[in-house]
Enquirer: 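The structure follows.
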Amino acid sequence: MKKPLLLILPLFLYAEISLVQLQKSPKGHVRDFHLWQYMQGDINASCADTAYSLLDKNNTKIFKAYAKKTDVLSIKNQDECNKGEVSFLLTQTDADCINSGLSYKKAMSLSPNQKVYFSNLLKEKHPKKSNRIELMCKRPFLVSLLESGSDDFLKLFDTLGLDNRHRYFNVKLSKKHINKLADDKKFNRAIKLIVTDKKMHKMQRALLQLDEHDLSAQSYFFLALNALKFDDLKQVRYYLDAAYDKAYYAMDKDRALFWKFLVFDDFKDLKRLSESCDINIYTLYAKEKLHIETTNYFTSLSLRDSPSVCNLSDPYVWEDLVSKIRKASKEELTQMLNSFNTKEDEVLHAFIYSKSIDYKTHNYILPYKESIQTLSNDDKALIYALARQESHFIPSAISRSYALGVMQIMPFLIKDLSKRKQEDIELNAMFDPQKNIEYATTHLKYLQQHLYHPLFIAYAYNGGIGFTKRHLLKGTFLKKKHEPFLSMELMANTESREYGKKVLANYVIYKKILGEEVSLISLFETLVEPSRTDRFRMKVLSQKHLSH
């Protein structure tokens with residue numbers, strides 16, 4: 001009989017970090033990351049307790065990992081509280097435990113008796129939460145909430161989730177009520193939630209009744225798009241002007257000008273937009289329309305051909321450096337440029353140089369050429385576009401969610417990719433630019449099987465392919481007036497929405513640098529053609545065609 005073959009699976013390894021190493025390391029975000037890795041290892045409760053005492057900033061990931069290792073009952077109980085299982089919370093009498101575990105969304109789904117029970121337990125130590133849960137028992141709920149005041153209304157509007165928002169809040173509030181809410185700073189968040197949700201059409205109509213209020217630039221912009229939906233061009237113009245005046249960042253000002261041109265077709269706005277010093281999809285559009293070359297960027301710097309004195313693949317080195325760079329005066333930045341002026345220092349020198357010139361000329365360097373030399377120019381442009389946005393090309397960058405390296409790859413994705421590539425790997429290997437880019441390229445090949453447009457690939461790289469698929473199948477990017485721009489601006493996920501715009505602008509510039517001019521206007525037009533952008537919408541269209 002033949003012996004069965006043993007399947008050797010690749011190992012996903014956490015770095016072997018000792019407690020002594022953690023204790024000797026400088027406190028900060030990098031040590032917290034290594035502390036999280038340490039908690040994944042085979043350590044006893046005593047070591048876990050000592051390590052956790054080194055924590056610099058509270059972190060949910062680290063707390064959960066620590067709770068599995070420690071013998072401290074209060075920690076284990078707090079972990080159970082945080083999980084928020086209703087069956088567990090009903091056995092507790094500690095108000096702090098219930099407060100940490102019982103979200104408003106979860107409370108809304110409870111029976112009336114359970115709501116009363118939790119409301120009573122919270123009354124003394126957490127009176128606001130107690131009162132809000134009590135309001136959930138009253139009918140009509142919305143009337144009671146409005147009578148309670150703007151603070152309670154806006155808090156629950158924000159936290160009860162989509163289904164409850166649609167069920168209870170999609171009403172056309174009176175002019176009096178909507179203006180009273182608008183006096184509260186939290187109303188800025190509500191505007192975004194209302195305007196970016198197609199199902200909130202009654203609340204969107206209520207927004208047309210707003211008087212003048214001191215709102216954020218983003219709120220004015222969303223109100224302009226809301227007014228556009230109802231063809232109220234007077235409000236559109238007013239809100240776009242207000243968005244421009246209130247905006248602090250150049251890109252936000254450029255966005256307001258772009259939409260003024262799009263709606264009112266005034267070439268004065270397009271000319272002003274083309275004169276902006278920022279490089280973004282709006283200014284690139286204006287310059288392409290007016291046949292103006294974009295030149296305010298650099299691709300290389302004059303550097304010495306000698307070894308670097310800085311190990312930028314060490315996250316502790318980068319953490320120390322970036323702290324100094326952020327605090328540095330102009331004179332100190334000049335000194336740093338002189339210290340880090342070798343070809344090996346390219347990404348660091350460019351980072352410091354950009355800050356020293358107040359970002360008036362933009363950094364579009366092309367590092368790590370050996371890591372992407374076998375790729376097509378299009379893929380090179382995409383890699384550079386993503387890396388520039390993700391990390392400014394810093395090899396040892398670590399995000400707050402522990403995305404790692406040049407391409408900011410999340411640990412869970414590294415684990416999945418290592419299995420697909422059939423290789424053993426440690427997370428710390430991601431601080432090697434070549435390995436990091438190799439893994440990112442593998443992931444991009446997967447995304448490109450489903451998505452063919454750089455904007456949609458950027459959405460998926462940032463928010464996940466499932467998120468992108470759901471967004472595309474919601475009825476976005478159709479051949480309608482002011483598309484694809486409305487779909488680009490009304491994505492509810494702020495991070496992915498803005499990320500996609502920036503990566504798309506980067507992509508256009510890098511295509512040009514690599515010798516392949518690309519039309520941004522053509523890229524915009526392509527977004528409403530599913531056959532040229534994504535597999536998901538094409539599949540739906542094919543099924544509809546077959547059914548007929």
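Residue numbers run from 1 in the order of the sequence given.
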Enquirer: Taking only residues at least two apart or on different chains, which pairs with a member in residues 249-268 satisfy side chain to side chain donor-acceptor pair (under 3.5 Å)?
Expert: Asp241-Lys260, Asp254-Ser276, Asp254-Asn280, Trp259-Glu489
Enquirer: Decide yes or no on side-chain contact (heavy atoms from CB on, under 4.5 Å) for Leu173 and Val171, but give the supporting numbers first.
Expert: CA-CA 6 Å; Leu173 294 178; Val171 295; 3.7 Å; yes
Enquirer: Could you go through the side-chain contact (heavy atoms from CB on, under 4.5 Å) check for Tyr297 and Ile513 one step at a time?
Expert: CA-CA 10 Å; Tyr297 62 87; Ile513 292 169; 3.8 Å; yes
Enquirer: Give a yes or no on whether the ring-centroid distance for Tyr507 and Tyr384 is below 6.0 angstrom.
Expert: no
Enquirer: What's the spacing between Leu160 CG and Phe141 CZ if we round to 0.5 Å?
Expert: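 Leu160 atom CG to Phe141 atom CZ measures 5.5 Å (nearest 0.5 Å).
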Enquirer: So, are Asp197 and Lys199 salt-bridged, with charged N and O less than 4.0 Å apart?
Expert: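 Not counted as a salt bridge, because no side-chain N and carboxylate O are separated by less than 4.0 Å.
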Enquirer: Is Asp416 paired with Arg420 through a side-chain N to carboxylate O contact shorter than 4.0 Å?
Expert: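 So Arg420 pairs with Asp416 through a salt bridge.
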Enquirer: Ignoring hydrogens and geometry beyond distance, is a side-chain donor-acceptor pair present between Ser371 and Glu438 at under 3.5 Å?
Expert: no
Enquirer: For Lys129 and Asn99, indicate whether the former's side chain and the latter's backbone hold a donor-acceptor pair under 3.5 Å.
Expert: yes
Enquirer: Of all the heavy-atom pairs spanning Phe157 and Met200, show the shortest one and how long it is.
Expert: CE1-CE, 3.8 Å
Enquirer: Between Ile191 and Val195, is a side-chain contact (heavy atoms from CB on, under 4.5 Å) present by the stated rule, with each step listed?
Expert: CA-CA 6 Å; Ile191 289 172; Val195 178; 4.1 Å; yes
Enquirer: Is the terminal nitrogen or CZ of Arg237 (NZ for Lys, CZ for Arg) located under 6.0 angstrom from the six-membered ring centre of Phe264 and within 45° of that ring's axis?
Expert: yes
Enquirer: Given His29 and Tyr402, is the ring-ring contact (aromatic ring centres under 6.0 Å, His included) satisfied, shown in steps?
Expert: CA-CA 9 Å; His29 180 59; Tyr402 299 154; 5.7 Å; yes
Enquirer: List the atom of Phe169, the atom of Phe153, and the distance in Å for their closest heavy-atom pair.
Expert: CD2-CZ, 3.6 Å
Enquirer: May I ask you to decide if the ring planes of Phe477 and Tyr459 are parallel, tilted or perpendicular, using 30° and 60° as cut-offs?
Expert: tilted
Enquirer: Before accepting this row, confirm whether a basic side-chain N of the pair Asp534/Lys469 lies closer than 4.0 Å to the acidic partner's carboxylate O.
Expert: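 No.
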Enquirer: Between Lys512 and Glu293, does any side-chain N to carboxylate O distance fall below 4.0 Å?
Expert: yes
Enquirer: Once side chain to side chain donor-acceptor pair (under 3.5 Å) is applied, what residue pairs with a partner in residues 440-450 remain, sequence neighbours excluded?
Expert: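 Counting only pairs at least two positions apart or across chains, the side chain to side chain donor-acceptor pair (under 3.5 Å) contacts touching residues 440-450 are Asp379-Gln448, Lys421-Thr442.
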